[in-house]
Enquirer: 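Quick one: this structure, given as structure tokens, is what I'll be asking you about.
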Amino acid sequence: MSLSFKTYLTYLLLSVSTLFISGIYHSQEGVKLFKTNCSSCHHPIKNVTGPKLQGVKEKWNKENEKDLLY
């Protein structure tokens, strides 16, 4: 059974749209999670109780601990 180009394109667009909307939802949840649990100790540009977030990706990439950042 072969799908027509129009049907294939429709399925493709629906799939991409679903992934895009899902990504937006999850990123909003991540922001809420950070604000609730992390922001009181981790400021973006200054050290508070926890270390600042500025430059953290570069620091952890140098130490080959990128997977821990996730």
Side-chain angles (χ1 to χ4, degrees):
M1 181 173 151
S2 176
L3 294 176
S4 71
F5 179 74
K6 191 174 181 179
T7 305
Y8 176 76
L9 187 59
T10 302
Y11 286 143
L12 180 64
L13 289 175
L14 285 172
S15 299
V16 169
S17 298
T18 302
L19 290 173
F20 180 73
I21 291 168
S22 171
I24 290 172
Y25 172 76
H26 288 298
S27 66
Q28 290 171 347
E29 288 297 308
V31 169
K32 189 188 311 181
L33 182 68
F34 177 81
K35 286 181 179 179
T36 302
N37 299 320
C38 308
S39 66
S40 62
C41 297
H42 297 279
H43 191 272
I45 57 173
K46 64 181 178 181
N47 288 327
V48 193
T49 302
K52 63 184 174 184
L53 298 177
Q54 186 178 36
V56 74
K57 285 183 180 179
E58 292 81 15
K59 176 185 173 192
W60 285 43
N61 278 337
K62 287 180 189 173
E63 298 174 11
N64 294 322
E65 296 176 335
K66 183 171 47 176
D67 56 330
L68 294 176
L69 182 60
Y70 178 76

Enquirer: Tell me who clusters with Val48, hydrophobic residues only, linked when side chains sit under 4.5 Å apart either directly or through other members.
Expert: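 Result for Val48 is none, singleton.
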Enquirer: If only side-chain N and O atoms count, and only distance matters, is there a donor-acceptor pair under 3.5 Å linking Thr7 with Ser4?
Expert: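 Present: a donor and an acceptor within the cut-off.
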Enquirer: Should Leu13 and Phe5 be regarded as members of a common hydrophobic cluster, given that ILVMFWY residues are connected when their side-chain heavy atoms come within less than 4.5 Å of each other, either directly or indirectly?
Expert: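 Same hydrophobic cluster.
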Enquirer: Does His42 reach the side chain of Pro51, with side-chain heavy atoms less than 4.5 Å apart?
Expert: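 Yes, at least one pair of side-chain atoms sits under 4.5 Å.
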Enquirer: Under 4.5 Å side-chain heavy-atom separation, chaining through any Ile, Leu, Val, Met, Phe, Trp or Tyr, what else clusters with Phe34? Say none if it is isolated.
Expert: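 ILVMFWY cluster around Phe34 also holds Leu53.
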Enquirer: Once you round to the nearest 0.5 Å, how far does CD of Gln54 lie from CD1 of Ile45?
Expert: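 So the gap between those two atoms works out to 6.5 Å.
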Enquirer: Please enumerate all residues that pass salt bridge (charged side-chain N to carboxylate O under 4.0 Å, His left out) together with Lys35, with sequence neighbours excluded.
Expert: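 Expected list: none.
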